[in-house]
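Working notes, structure below.
A, B, ... follow the sequence lines: proteins, then strands. Residue 1 opens every chain.
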Number of protein chains: 2
Amino acid sequence: MGSLGKSDPNLDDEFNPLDPEEFRKQAYQTIDFIADYYKNIDSYPVLSQVEPGYLRARLPESAPYRSEPFETILKDVNRDIIPGMTHWLSPNFFAYFPATVSTAAFLGEMMCTAFNSVGFNWLAAPASTELELVVMDWLAQLLQLPKSFMHSGTGGGVLQGTTSEAILCTLVAARDRVLETIGDEKIAKLVVYGSDQTHSTLAKACKVAGILPRNTRLIPTTKHENFSLSSAQLRSAIEADVANGLVPIYLCGTVGTTSSNAVDPLDQLADVASDFGMWFHVDAAYAGSACICPEFRHFLNGVERANSLSLSPHKWLLTYLDCCCLWLKEPASIIKVLSTDPEYLKNKPSELNSVVDYKDWQIGFGRRFRALRLWFVLRSYGVAKLQIHIRSDVEMAKMFEEYVRSDPRFEIVVPREFALVCFRLTAIHNSDSLELLNPKLLNWVNTSGRMYMTHTVIGGTYILRFAVGSTLTMEGHVSAAWHLIKEGADKLLRENN
Amino acid sequence: MGSLGKSDPNLDDEFNPLDPEEFRKQAYQTIDFIADYYKNIDSYPVLSQVEPGYLRARLPESAPYRSEPFETILKDVNRDIIPGMTHWLSPNFFAYFPATVSTAAFLGEMMCTAFNSVGFNWLAAPASTELELVVMDWLAQLLQLPKSFMHSGTGGGVLQGTTSEAILCTLVAARDRVLETIGDEKIAKLVVYGSDQTHSTLAKACKVAGILPRNTRLIPTTKHENFSLSSAQLRSAIEADVANGLVPIYLCGTVGTTSSNAVDPLDQLADVASDFGMWFHVDAAYAGSACICPEFRHFLNGVERANSLSLSPHKWLLTYLDCCCLWLKEPASIIKVLSTDPEYLKNKPSELNSVVDYKDWQIGFGRRFRALRLWFVLRSYGVAKLQIHIRSDVEMAKMFEEYVRSDPRFEIVVPREFALVCFRLTAIHNSDSLELLNPKLLNWVNTSGRMYMTHTVIGGTYILRFAVGSTLTMEGHVSAAWHLIKEGADKLLRENN
């Protein structure tokens with residue numbers, strides 16, 4: 001900003017919002033704050049103990065008229081913000097899925113922020129676009145994806161914010177390629193398939209894309225099949241829909257469902273999708289990252305027959321939020337729906353079709369220099385250390401699984417495939433039902449502030465989910481968590497006796 | 001990560017992806033790198049001079065197996081990334097709209113990254129949710145929005161990534177509230193309205209939401225009305241559609257269009273929207289920020305009658321990407337479409353309906369601690385300095401406008417309202433038409449690397465857009481840019497003689 005436009009003579013003359021030396025000084029202080037936060041993170045209650053509305057009561061009702069010193073704001077982060085945090089990076093965080101991080105990703109993210117390039121098309125941010133082409137191919141190689149998913153082959157990858165966007169983009173492509181044939185008034189005939197374990201973002205994406213909720217088919221799964229999607233049941237459902245004049249367009253298979261890490265049989269699903277000409281998307285948001293290790297790669301077998309694959313390194317590949325990879329065999333199919341060509345963005349490289357304009361691969365227009373973080377992570381750690389990281393988490397989950405198995409009051413509810421252990425307390429000493437006992441146990445451990453885990457219900461059974469893998473978690477945290485869970489169980493069972 | 005899972009005895013024993021001391025050290029180095037980048041930013045060509053494909057040729061074909069030192073990566077950013085950057089933060093960047101930044105926002109963003117909380121619901125990130133409630137109300141107050149848009153009133157605000165998402169979320173709400181009445185098979189009857197100057201993301205959102213492209217009505221604008229949307233023409237178009245059995249559902253008005261900063265007459269549009277029961281959305285992505293100054297606030301008059309308003313502080317309120325504010329009068333209408341309630345996220349505060357779960361206010365599930373950046377900016381600078389910042393940019397644009405007016409070879413094509421000047425070279429000395437001369441001039445200044453501006457075509461006229469406001473731009477940069485433009489004009493006109 002310039003020096004014109006001052007209207008209040010009482011204000012400081014100087015306002016340089018990006019003075020390099022002030023930037024350097026305050027950024028150092030912030031780095032110290034963050035490094036100390038990481039150092040002391042296990043001293044905070046993992047699950048925040050505040051009540052709804054706590055913050056409004058503490059903050060002023062309006063923004064200040066005059067500037068406040070940086071030190072005051074930093075103090076307020078400590079006083080007002082930290083107590084209201086649920087500390088996702090705590091080593092005692094075993095809830096949902098871990099959101100893993102690393103120094104390398106933090107540095108990459110700082111760079112991304114610093115450049116603040118807006119990569120809607122190639123020209124506006126060539127390095128941003130091209131680095132994304134490169135790292136998407138690198139990661140595709142690590143996952144042993146076929147060339148048909150790579151920019152260096154016939155397909156290509158793009159970084160989305162989250163799985164929701166990846167699914168929405170592919171769904172509208174699937175929708176429009178069918179409507180083009182059958183006529184665009186027939187949108188109410190289109191049907192989308194997943195299982196009752198598919199992430200609920202599929203149903204949400206359907207609603208956004210104008211697929212009728214009654215045409216979103218979530219096939220029931222069973223414990224007998226470990227809650228994976230049965231291709232036989234899927235086929236029956238599709239046949240019934242087709243007989244009713246409906247048109248199947250999209251199938252979502254999952255590698256590592258949210259509730260229990262079920263793995264859908266990709267090869268069999270690909271058969272069904274192919275028989276009915278459906279778009280086949282594979283959602284491997286969490287578990288896909290494990291497939292950079294050869295011993296887990298088989299879980300992705302069949303993906304080579306899918307139209308698209310999404311995987312979120314912000315879950316298990318140390319990248320911070322938000323970072324979701326989407327690979328496509330036919331990028332043209334989503335570009336067809338998502339491209340725009342306003343005059344004010346016209347430029348030679350785009351007109352010559354010699355470049356990728358990523359605005360046409362996503363819902364939004366603007367986009368940050370997303371690839372930097374992944375590039376920093378892949379280079380800083382190399383494939384070897386990333387594999388070690390995955391294996392270490394799985395080993396810790398195995399350790400926890402052994403603890404559970406060693407205590408006859410507990411049971412493992414579904415087989416563990418990755419680093420999520422699904423278990424429950426089964427010992428009952430009086431009338432208190434299991435359905436009450438497990439939620440009580442969960443509540444007891446979480447309100448202790450010493451760890452945080454979450455629950456789910458599958459096949460009618462309430463289960464506890466212990467998801468290992470927060471970046472700072474070590475074996476000691478897993479043992480301590482187990483001891484706390486046992487302590488809670490002792491207490492509850494004693495009370496019930 | 002733990003110490004288990006090592007398979008290669010040749011690798012380092014130690015792998016701590018988030019060692020606080022390594023974090024501190026490398027983050028300091030990165031801060032130095034960034035501060036130096038800002039210091040020297042005007043030494044780089046603004047528009048990148050690389051050719052498509054430049055980066056793939058420089059980088060390895062696959063990710064390294066072993067880790068690489070941080071210093072090597074930093075060196076490669078300098079060698080391989082910087083030359084491929086179009087420097088959005090250069091003080092000589094006058095293209096598109098500026099993407100403004102500040103030290104405060106950078107610090108807020110570092111904090112946001114550091115916490116890495118995933119705020120899909122209140123419980124998972126109470127501070128993140130509650131701070132967003134607070135700052136959205138603060139900013140609503142600054143803009144003098146009515147209580148009906150505030151959390152402390154009957155509405156509320158949410159931070160989206162970009163305008164595209166804001167429009168998509170409101171559009172599906174508008175769509176479904178109509179379909180609920182007329183029957184959900186009638187989606188092919190729904191019509192959406194904007195002008196030919198409305199951002200192309202409206203048409204894109206329509207495609208995503210299943211509105212037929214032939215039912216997206218972009219009313220032509222004229223120079224006579226400064227390219228604003230004519231409510232009379234709009235009304236005629238709607239009447240014709242209704243007569244044809246179609247159903248109007250959504251109207252997008254713009255305050256500060258992308259091409260020329262046209263301002264649609266909100267009050268008149270509100271009349272039309274109200275007469276036909278349409279959702280009325282106001283897109284003030286760029287110019288809305290100016291309305292924190294009393295002298296610009298009148299451009300928002302009528303917004304109190306809209307259903308929703310979006311505004312992107314990442315354009316003109318110093319926040320870095322991505323930060324788009326969306327205010328709604330009836331949040332329930334978007335929650336109805338976008339909410340999901342999977343078992344694994346069920347929790348007491350949500351069940352008691354005592355909290356906001358922001359996952360139900362957006363397309364995706366996961367979300368970062370978005371409000372921190374805006375909070376840091378509002379507090380660090382206060383309203384006073386933010387107003388100075390807006391006024392300074394407008395004054396610099398006025399200065400540039402005067403330069404243009406003082407040279408009879410140029411003309412101002414549309415009246416300037418904010419900090420965008422739309423002009424063109426009109427002097428013609430031989431057969432070379434204006435339509436060729438202006439693109440040539442643009443190309444000449446941009447390939448010089450000394451500044452970057454962009455063009456548009458409105459009302460059939462090719463114009464040059466000079467958008468003032470990059471954070472580091474001072475009066476000297478504006479004069480230098482004008483001298484360069486004049487130098488280019490001299491040269492081209494000489495050649496044509």
Leu59(A) and Trp375(B), any side-chain heavy atoms less than 4.5 Å apart: yes

Matching residue for Phe115(A) among Tyr320(B), Trp88(B), Tyr37(B), Phe33(B) - test: ring pair (Phe, Tyr, Trp, His ring centres under 6.0 Å): Tyr37(B)

Side chain to side chain, Thr86(A) and Ser117(B), heavy atoms closer than 4.5 Å: no

Electrostatic pair Asp36(A):Arg24(B) at N-O distance under 4.0 angstrom: yes

Worked verdict on Phe376(B) versus Val77(A) for side-chain contact (heavy atoms from CB on, under 4.5 Å): CA-CA 10 Å; Phe376(B) 269 59; Val77(A) 171; 4.0 Å; yes

Candidate pair Val118(A) and Leu321(B), rule side-chain contact (heavy atoms from CB on, under 4.5 Å), full reasoning: CA-CA 8 Å; Val118(A) 188; Leu321(B) 246 66; 4.0 Å; yes

When Ala124(B), Ala209(B), Ala27(B) are compared by non-hydrogen pairs under 4.5 Å with chain A, the top option: Ala124(B)

Check: Glu61(B) and Trp138(A) side chains under 4.5 Å, non-hydrogen atoms: no

Interface residue of largest heavy-atom contact number with chain B, from Thr340(A), Val355(A), Ile458(A), under 4.5 Å: Thr340(A)

N/O donor-acceptor pair under 3.5 Å between Glu343(B) side chain and Val457(A) backbone: no

Among Thr258(B), Ile187(B), Val478(B), residue most engaged with chain A (heavy-atom pairs, under 4.5 Å): Thr258(B)

Salt bridge Glu68(A)-Lys385(B), side-chain N to carboxylate O under 4.0 Å: no

Flag side-chain contact, heavy atom, 4.5 Å: Ile31(B) against Phe23(A): yes

Heavy-atom pairs under 4.5 Å with chain B, option from Val394(A), Thr113(A), Leu378(A) with the top count: Thr113(A)

Heavy-atom check, side chain of Ser48(B) versus side chain of Pro126(A), under 4.5 Å: yes

Electrostatic pair Asp322(A)-Arg367(B), nearest N-O below 4.0 angstrom: no

Distance (rounded to the nearest 0.5 Å) between Thr162(A) OG1 and Arg368(B) CZ: 12.5 Å

Aromatic plane relationship, Tyr381(A) with Phe15(B) - under 30° parallel, 30 to 60° tilted, over 60° perpendicular: tilted

Side chain Asn116(A), main chain Ala99(B), donor-acceptor under 3.5 Å: yes

Region of Leu212(A) that comes under 4.5 Å of a non-hydrogen atom in chain B: side chain

Lys/Arg N to Asp/Glu carboxylate O, Asp137(A) vs Arg56(B), below 4.0 Å: yes

Residue selection (most heavy-atom pairs with chain B, distance under 4.5 Å) from His199(A), Lys398(A), Gln141(A): His199(A)

Ion pair check, Glu22(A) and Lys39(B), cut-off under 4.0 Å: no

Part of Glu21(A) within contact of chain B (heavy atom distance under 4.5 Å): side chain

Partners meeting salt bridge (charged side-chain N to carboxylate O under 4.0 Å, His left out) with Asp341(B) (sequence neighbours left out): Lys346(B)

Best-contacting candidate, Pro52(A), Gly210(A), Ser102(A), against chain B by heavy atom pairs under 4.5 angstrom: Pro52(A)

Chain B contact via Ser312(A) - side chain, backbone, both or neither, heavy atoms under 4.5 Å: neither

Heavy-atom pair count under 4.5 Å with chain B, highest-scoring of Asp80(A), Leu131(A), Thr454(A), Ile211(A): Leu131(A)

Under 4.5 Å from any heavy atom of chain B - which part of Ile82(A): side chain

Tyr96(A) ring center within less than 6.0 Å of Tyr344(B) ring center: no

Part of Glu109(A) within contact of chain B (heavy atom distance under 4.5 Å): side chain

Top contributor to chain A contacts, counting heavy-atom pairs under 4.5 Å, from Gly161(B), Pro83(B), Gly366(B), Ser62(B): Ser62(B)

Residue among Val172(A), Leu372(A), Leu123(A), Leu318(A) with most heavy-atom pairs under 4.5 Å to chain B: Leu123(A)

Separation between CG of Leu133(A) and CG of Leu55(B), rounded to the nearest 0.5 Å: 8.5 Å

Evaluation steps, side-chain contact (heavy atoms from CB on, under 4.5 Å), between Phe70(A) and Thr103(B): CA-CA 10 Å; Phe70(A) 172 59; Thr103(B) 298; over 6 Å; no

Side-chain donor or acceptor of Arg175(A) paired with backbone N/O of Val208(B) under 3.5 Å: yes

Most chain A-contacting option - heavy-atom pairs closer than 4.5 Å, from Ala188(B), Pro20(B), Ala203(B), Pro69(B): Pro20(B)

Distance in Å, Leu472(B) CG paired with Leu18(A) CG, rounded so as to fall on 0.5 Å steps: 5.0 Å

CA sep, side-chain torsions, deciding dist, call: Trp122(A), Val50(B), side-chain contact (heavy atoms from CB on, under 4.5 Å): CA-CA 11 Å; Trp122(A) 180 87; Val50(B) 298; 4.1 Å; yes

Leading residue by heavy atom contact count with chain A [cutoff under 4.5 Å; candidates Leu107(B), Thr30(B), Ile34(B)]: Leu107(B)

Lys/Arg N to Asp/Glu carboxylate O, Arg379(A) vs Asp76(B), below 4.0 Å: yes

Gap between atom CE of Met110(B) and atom CZ of Phe106(A) - 0.5 Å precision: 6.0 Å

Salt bridge (charged side-chain N to carboxylate O under 4.0 Å, His left out) against Arg465(A), all qualifying residues, sequence neighbours excluded: none

